Amino acid sequence: MTILSSTRRAVVGACLALPILSLFSICFGQDHAQFDQALANISPERMLADVIKLSREFNGRQTGTEDDLRSAGWMADQFLAARVSLASTSVSGSVGGPIGPGETSLLTDGFLSTSWKATSITTTPVLQISTAQGPRNQQLGADFLPVLDSPSADVRGPIIFVGYGILDPAFGMDEYDGIDVNNCIVLFLRGQPDHYKGRISHADKVRIARQKGAVAYLTATGPVLSSYERRRGLTGQPSAFYGLTSELPGAWISTALAERILAGRDEVEPGRLGTAQEELNRAAGSRSSRTDYFGNLTWETRQGDGFLVNVVGTLPGTDPKMAQEAIIIGAHRDHFGRQGGLLFPGADDNASGTAVMLEVARVVSSAGLRPKRTILFVSFSGEEQGLLGSRLYVERAPVPLSSTKAMINVDHAGIGNGRLTVGLSGLDKQVAMAVGQEADLADKLDIFGFFPGGDHVPFKEAGVPTVTVVSSGAHPHFHRPSDTAETVNPDILRTTARYVLALAWHLANRE
């Protein structure tokens with residue numbers, strides 16, 4: 001049975017919640033033997049099969065496309081096969097706020113959706129970098145990737161390096177001081193310098209460049225990485241992403257290409273970009289300069305009408321009072337689809353987290369476990385485009401968020417060093433560790449405070465306690481076409497599922 005075929009409209013179910021934890025005994029409720037059975041029933045092979053299905057058969061699951069809509073139907077079928085009900089309520093209304101206008105209806109089919117325009121690069125993107133000796137085409141994927149919500153591009157201009165691309169007089173930052181970028185292509189580093197205490201987004205940098213007269217932009221990761229970037233295994237390769245602005249065409253280029261542009265020669269001059277970045281990190285001041293290169297960006301962008309669809313399954317609570325509260329286990333399903341002839345399979349990001357969520361739903365149901373609180377399993381779309389699906393859910397929550405006791409977000413759960421990185425807000429670290437001990441994982445946990453990115457963020461902003469679970473170590477295929485099922489480690493999926501199950505079951509049964 002394919003639920004999707006019966007409706008293409010909206011809708012996701014409910015949410016609920018739990019107060020900040022104090023340090024008391026870890027609670028698994030009912031017969032502990034049933035919980036142990038659920039842990040034992042976790043199947044790495046079944047999760048890997050889900051990862052293969054999601055990463056190979058839905059054309060990259062880009063939000064707003066027919067492919068993502070089909071994946072939503074598949075998710076609904078999987079919930080039903082696991083004997084997990086689809087959330088049901090009868091609230092309807094218009095949606096505004098951060099995700100923009102659209103009509104949303106909460107129906108009985110477990111879908112929460114809103115209309116959405118999918119932006120896609122439809123021709124093979126071209127980036128030429130040239131000197132007086134002539135142009136040289138750069139390699140798509142290795143040297144550059146277009147920013148995926150860029151407008152169509154057919155521009156050429158001299159390339160000007162503008163540091164981090166920041167203009168913020170309140171903090172003494174003007175990296176455009178003394179240099180004219182009108183009708184030029186600007187090159188800026190991703191992130192911001194250590195001394196800068198303001199906040200600036202990629203979209204802010206693009207707006208500044210446009211206001212200064214630039215016709216396009218290039219961005220690159222500098223060779224000087226932060227401790228977080230090193231821990232996550234960030235490389236100098238370009239990655240796919242949405243800039244969340246369509247004001248200028250742009251591309252993420254490799255660190256090596258940025259080195260060549262700054263050096264003014266085709267051979268990489270190691271250290272020059274790093275030296276410039278270190279100077280930028282030490283003190284404010286413009287170190288912008290013209291380069292010897294011209295750039296040429298060419299591609300076509302199109303928009304198509306579609307739907308952003310979340311899917312929600314529910315295991316109703318059994319306690320007369322606590323059943324009105326809920327724990328959410330969420331994972332985003334969307335990825336980048338097919339762009340400019342490249343397929344982005346999204347196996348680790350985030351077919352892996354989706355597979356973990358599905359497996360927890362299966363083993364809880366099959367073991368006959370019945371939570372005191374309701375457990376909701378939410379498959380979000382739109383995460384890659386600014387957390388659209390989770391923001392939609394928070395905006396249209398059919399049960400007050402004040403009743404949502406915790407939100408567990410599972411993302412990037414299939415690659416790494418075998419350990420788990422757990423980020424918390426509003427929940428006690430010692431409880432998170434004690435839950436890990438109950439699942440025989442205490443020696444595999446790295447527990448931190450709040451993580452700034454992911455579908456848990458809108459819930460945290462709304463005052464809901466959150467837990468983020470990702471696999472530790474390097475994720476070298478992050479946002480790249482190489483993020484395939486072959487790179488996913490089933491043992492890491494199993495470790496993640498054991499921890500998510502233990503944590504969710506504790507939260508669902510704690511008095």
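Everything quoted here is computed from the prediction, not taken from an experiment.
Although no hydrogens or angles enter the test, the distance criterion places no donor-acceptor pair under 3.5 Å between the side chain of His332 and the main chain of Gly389. Without hydrogens or angle criteria, Arg373 side chain to Arg510 main chain gives a donor-acceptor distance under 3.5 Å. A distance-only check finds a donor-acceptor pair linking the side chain of Asp149 to the backbone of Thr245 [under 3.5 Å]. With hydrogens and angles disregarded, a donor-acceptor distance shorter than 3.5 Å links the side chain of Thr301 to the backbone of Ser150.
A donor-acceptor contact closer than 3.5 angstrom is absent between the side chains of Glu57 and Trp74. At a cut-off of 3.5 Å, with distance as the only test, a side-chain donor of Arg333 or Ser379 sits close to an acceptor on the other residue. In the model, Thr421 has a side-chain atom that pairs as donor or acceptor with a side-chain atom of Ser472 under 3.5 Å.
The one candidate from Asp443, Thr495, Asp446 that meets the side chain to side chain donor-acceptor pair (under 3.5 Å) condition with Arg419 is Asp446. Looking at His412, His475, His479 one by one, the single match for side chain to side chain donor-acceptor pair (under 3.5 Å) with Asp348 turns out to be His475.
Rounding to the nearest 0.5 Å places CZ of Arg83 at 4.5 Å from OG of Ser365. To the nearest 0.5 angstrom, Thr466 atom OG1 is 10.5 Å from Glu461 atom CD.
Aromatic pair Phe58/His335: centroids not less than 6.0 angstrom apart.
The pair Asp483-Arg480 does not count as a salt bridge, with every side-chain nitrogen at least 4.0 angstrom from each carboxylate oxygen. Between Glu66 and Arg338 there is no salt bridge, since no side-chain nitrogen of the basic residue lies less than 4.0 Å from a carboxylate oxygen of the acidic one. Under a 4.0 Å N-O distance rule, the pair Lys372/Glu325 does not qualify as a salt bridge.
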Would you please test Thr468 and His456 for side chain to side chain donor-acceptor pair (under 3.5 Å) and show each step?
CA-CA 7 Å; Thr468 309; His456 57 287; 3.2 Å; yes

For side chain to side chain contact (heavy atoms under 4.5 Å, CB included), just list the numbers for Gln62 and Asp67, CA-CA rounded to whole Å, side-chain angles, deciding distance to a tenth of an Å, and then say yes or no.
CA-CA 7 Å; Gln62 184 190 359; Asp67 300 304; over 6 Å; no

Check the pair Val464, Ile328 against side chain to side chain contact (heavy atoms under 4.5 Å, CB included), reporting the backbone distance first and the verdict last.
CA-CA 10 Å; Val464 176; Ile328 296 174; over 6 Å; no

Start with the C-alpha distance between Lys53 and Asp50, add both sets of side-chain angles, then the distance that settles salt bridge (charged side-chain N to carboxylate O under 4.0 Å, His left out), and finish with yes or no.
CA-CA 5 Å; Lys53 177 78 174 182; Asp50 289 340; over 6 Å; no

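Counting heavy atoms from C-beta on, the side chains of Ile375 and Trp505 come closer than 4.5 Å. By the 4.5 Å heavy-atom criterion applied to side chains, Tyr164 and Ile200 are not counted as neighbours. With a 4.5 Å cut-off on side-chain heavy atoms, Phe459 and Val394 count as touching. Contact of the Asp440 side chain with the Arg498 side chain is registered, since non-hydrogen atoms from C-beta on lie closer than 4.5 Å.
Cation-pi geometry between Arg190 and Phe241 is met: the NZ or CZ atom falls under 6.0 Å from the ring centre, inside 45° of the normal.
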